[in-house]
Engineer: 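Sharing a structure with you now.
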Amino acid sequence: MIELENVAYSYSGGELLSGISLKLAPGSFHFLTGPSGAGKSTFLKLCYLELSATAGQTRVFGENTRNMTRDDIARHRRRIGVVHQDCQFLDHLSIAENVALPLTVAGRDVGAEAQNLHELLSWVGLEHQADALPPELSGGERQRAALARAVIMSPDVILADEPTGNVDWEMSQRLLQLLVELNRMGKTVMIATHDLSLIRAAKSQVNARVLRIANRRLQLAGAVL
Amino acid sequence: MLQDFIAGIRDFSKGDSQADRVVPPTGFTARLTVFAAAAMAFLAVFALALSLASGRLAQRWGDELARSSTIRISAPAGQMDAQTSATLEVLRTTPGVASARALDREEQTALLEPWFGPDLPLDALPVPQLIEVIEEGDGFDSDGLRLRLAGEVPGAVLDDHTRWRAPLVRAASRLRTLGWISILLIGATMAAMITLAANAALAANLQVIRVLRLVGALDVYIARAFVRRFTTRGFIGAAAGTGVGMVLLLLLPSAQTNGGFLTGLGFQGWHWVLPLLIPPFAALVSFWATRAAALRTLGGLT
């Protein structure tokens with residue numbers, strides 16, 4: 001799915017990540033943890049091609065990201081679902097239209113997928129908010145809408161950056177539940193979080209591997225918990 | 001480049017209301033853009049009319065005056081007839097002269113009437129005899145003719161009109177050039193204004209662009225949402241401005257006196273088609289300006 005080989009990333013100020021190698025296998029479930037500012041978001045951005053590595057090789061779906069044009073990146077993003085902590089929507093469009101946005105921009109017929117859209121919205125528990133505008137939603141509802149938007153193209157990989165950062169414990173459990181269900185359907189999932197109790201809660205439901213970023217390096221941290 | 005353009009036109013005519021909807025509607029800047037396009041088109045109509053009218057003027061002056069000259073004979077009364085016929089004889093053997101004709105007494109009186117009134121006793125005055133010369137082909141060699149006349153008819157003076165015609169024709173041509181430069185400047189100004197408006201719209205919608213980019217929208221898809229808007233606005237505004245400009249030109253008092261320059265401002269015959277090209281041209285300018293601005297902005301984002 002996504003392979004990083006000896007990847008480094010430097011800002012103008014200095015090196016943030018270095019010597020990172022990782023292979024995300026299909027159907028795997030990963031947590032990414034580490035202190036704030038350690039580079040979790042940067043690591044995810046490297047995975048969904050928002051940033052390109054300053055050294056080393058990144059391959060997404062077998063393709064080297066160095067040779068990708070902007071349009072190649074856009075097409076690859078349709079196969080990677082991304083959920084942010086502060087998820088952004090088009091505030092003038094309804095939730096249903098926002099969730100269907102990846103279909104719209106890919107030129108797919110949204111009308112033909114209406115059934116899928118409805119099922120997806122009820123899966124995340126937003127069927128009654130379908131016509132609401134994004135600013136009218138609570139934090140948890142926004143996260144679930146973002147998750148629905150991330151999976152409507154049926155992507156192979158779902159990357160979530162602190163998806164539970166803005167919601168209470170109950171809601172974070174519910175989001176985790178949805179992500180675990182997606183993983184059971186065969187999707188590769190990676191969640192960046194500093195919430196260790198979330199990781200513990202997941203461990204009972206899914207065979208999750210925990211990665212930790214510290215001192216610019218990526219380590220397997222399963223034993224720590 | 002050309003393929004891009006054709007593909008762009010095709011996508012346009014097909015229309016994509018979904019792509020339009022992804023960018024939030026903006027009332028105020030939209031109206032400003034339409035207004036600017038209308039004002040520019042209005043000015044373009046007049047610049048075009050000015051260019052065409054001064055072009056016509058230059059051509060008319062050039063044509064009419066280039067084909068005729070005048071020879072003036074001042075001689076004592078007794079020699080007038082002899083010198084006139086000698087001059088006509090010289091002209092008959094001058095290459096490039098189609099015909100030459102001495103004006104008769106009535107014609108000369110008619111020419112002088114506006115200045116001296118109808119009761120002028122022409123016989124009592126030493127009025128010079130005028131000979132009208134009509135050219136053919138490339139015209140005659142005026143310096144050569146002048147030399148011959150000086151030798152054979154001492155009282156004859158050739159006035160080939162070039163002296164005062166040339167600066168007039170030059171002025172009219174300049175005016176036409178100025179008109180075209182104005183049209184170019186108007187087009188460039190319109191492109192600049194559309195670019196500024198598009199840049200403002202792009203900057204105001206950075207979040208929209210980021211979201212679209214995140215969910216896998218291609219650059220052309222995002223650009224099209226903006227390009228369609230500004231092209232439509234440019235076209236609608238220019239159509240309105242052109243319409244008003246053309247109506248005002250129609251309402252101008254028609255050219256009664258020939259050679260009157262100001263009242264001659266306007267279009268004649270098929271030239272009325274030319275201002276109709278302004279709206280499509282404005283749409284084209286808007287299309288390219290917005291597209292360039294959008295792709296430039298997008299290129300700076302990840």
Side-chain angles (χ1 to χ4, degrees), chain A residues 42 44-46 48-52 60 65 68-84 86-94 96-111 133-135 142 145-146 148-155 157 159 161, chain B residues 1 3-5 7-30 200-229 291-302:
Chain A
T42 303
L44 285 186
K45 281 178 180 170
L46 290 171
Y48 66 81
L49 309 173
E50 174 93 25
L51 296 173
S52 58
V60 174
T65 57
M68 284 187 187
T69 63
R70 287 176 58 80
D71 284 354
D72 289 338
I73 290 173
R75 288 194 190 92
H76 276 87
R77 285 213 184 134
R78 295 173 188 174
R79 300 176 64 188
I80 304 174
V82 182
V83 183
H84 285 291
D86 55 335
C87 31
Q88 295 188 323
F89 297 96
L90 302 188
D91 287 344
H92 62 291
L93 296 182
S94 71
E97 283 175 294
N98 266 291
V99 170
L101 196 62
L103 297 172
T104 311
V105 302
R108 301 251 293 265
D109 183 4
V110 177
L133 295 177
R142 286 171 72 88
R149 184 179 68 187
V151 300
I152 191 153
M153 292 287 278
S154 191
V157 184
L159 304 174
D161 189 0
Chain B
M1 232 13 195
Q3 274 176 337
D4 269 16
F5 176 65
I9 293 276
R10 202 180 50 227
D11 286 348
F12 253 65
S13 48
K14 204 164 57 184
D16 186 350
S17 56
Q18 280 290 349
D20 276 1
R21 292 209 350 106
V22 298
V23 182
T26 44
F28 185 60
T29 49
L202 288 161
N205 287 297
L206 270 188
Q207 191 204 326
V208 169
I209 293 172
R210 281 211 194 89
V211 170
L212 290 172
R213 187 83 186 131
L214 183 72
V215 299
L218 301 182
D219 282 354
V220 284
Y221 181 91
I222 303 171
R224 198 180 304 148
F226 290 93
V227 166
R228 268 180 65 86
R229 262 176 204 216
R291 190 184 154 89
L295 292 183
R296 197 170 49 237
T297 303
L298 288 167
L301 300 172
T302 49

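Numbers restart at 1 for each chain; the letters A, B, ... are given by sequence-line order, proteins then strands. Computed from a predicted model, the values in this text were never measured in an experiment.
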Engineer: Using side-chain heavy atoms (C-beta onward) and a distance below 4.5 Å, is B:L212 in contact with A:L101?
Structural biologist: yes
Engineer: For A:A74 versus B:A217, what's the shortest heavy-atom pair and its separation?
Structural biologist: CB-O, 3.5 Å
Engineer: Mind checking the CG-CG spacing from B:L214 to A:L49? Nearest 0.5 Å is all I need.
Structural biologist: 11.0 Å
Engineer: Would you please name every residue forming a side chain to side chain donor-acceptor pair (under 3.5 Å) with A:R79, sequence neighbours left out?
Structural biologist: A:D156
Engineer: So which atom in A:R70 and which in B:D219 form the shortest heavy-atom distance, rounded to 0.1 Å?
Structural biologist: NE-OD2, 2.5 Å
Engineer: Has B:R210 got a side-chain atom pairing as donor or acceptor with A:Q88's backbone, closer than 3.5 angstrom?
Structural biologist: no
Engineer: Shortest non-hydrogen contact from B:V215 to A:R78?
Structural biologist: O-CG, 4.2 Å
Engineer: To the closest 0.5 Å, what do you measure between CZ (B:R21) and NE2 (A:H92)?
Structural biologist: 6.5 Å
Engineer: Report which part of A:Y48 has an atom under 4.5 Å of a heavy atom belonging to chain B: side chain, backbone, both, or neither.
Structural biologist: side chain
Engineer: Which heavy atom of B:V211 sits nearest a heavy atom of A:R149, and at what distance?
Structural biologist: CG1-NH1, 3.6 Å
Engineer: Could you tell me the separation between the CG atom of B:L218 and the CZ atom of A:R75, rounded to the nearest 0.5 Å?
Structural biologist: 5.0 Å
Engineer: Side chain, backbone, both or neither: which part of B:V208 has a non-hydrogen atom closer than 4.5 Å to chain A?
Structural biologist: both
Engineer: Does any heavy atom of chain B fall under 4.5 Å from the side chain of A:H84, the backbone, both, or neither of them?
Structural biologist: side chain
Engineer: For A:D161, check side chain to side chain donor-acceptor pair (under 3.5 Å) against everything at least two apart and list the hits.
Structural biologist: A:S41
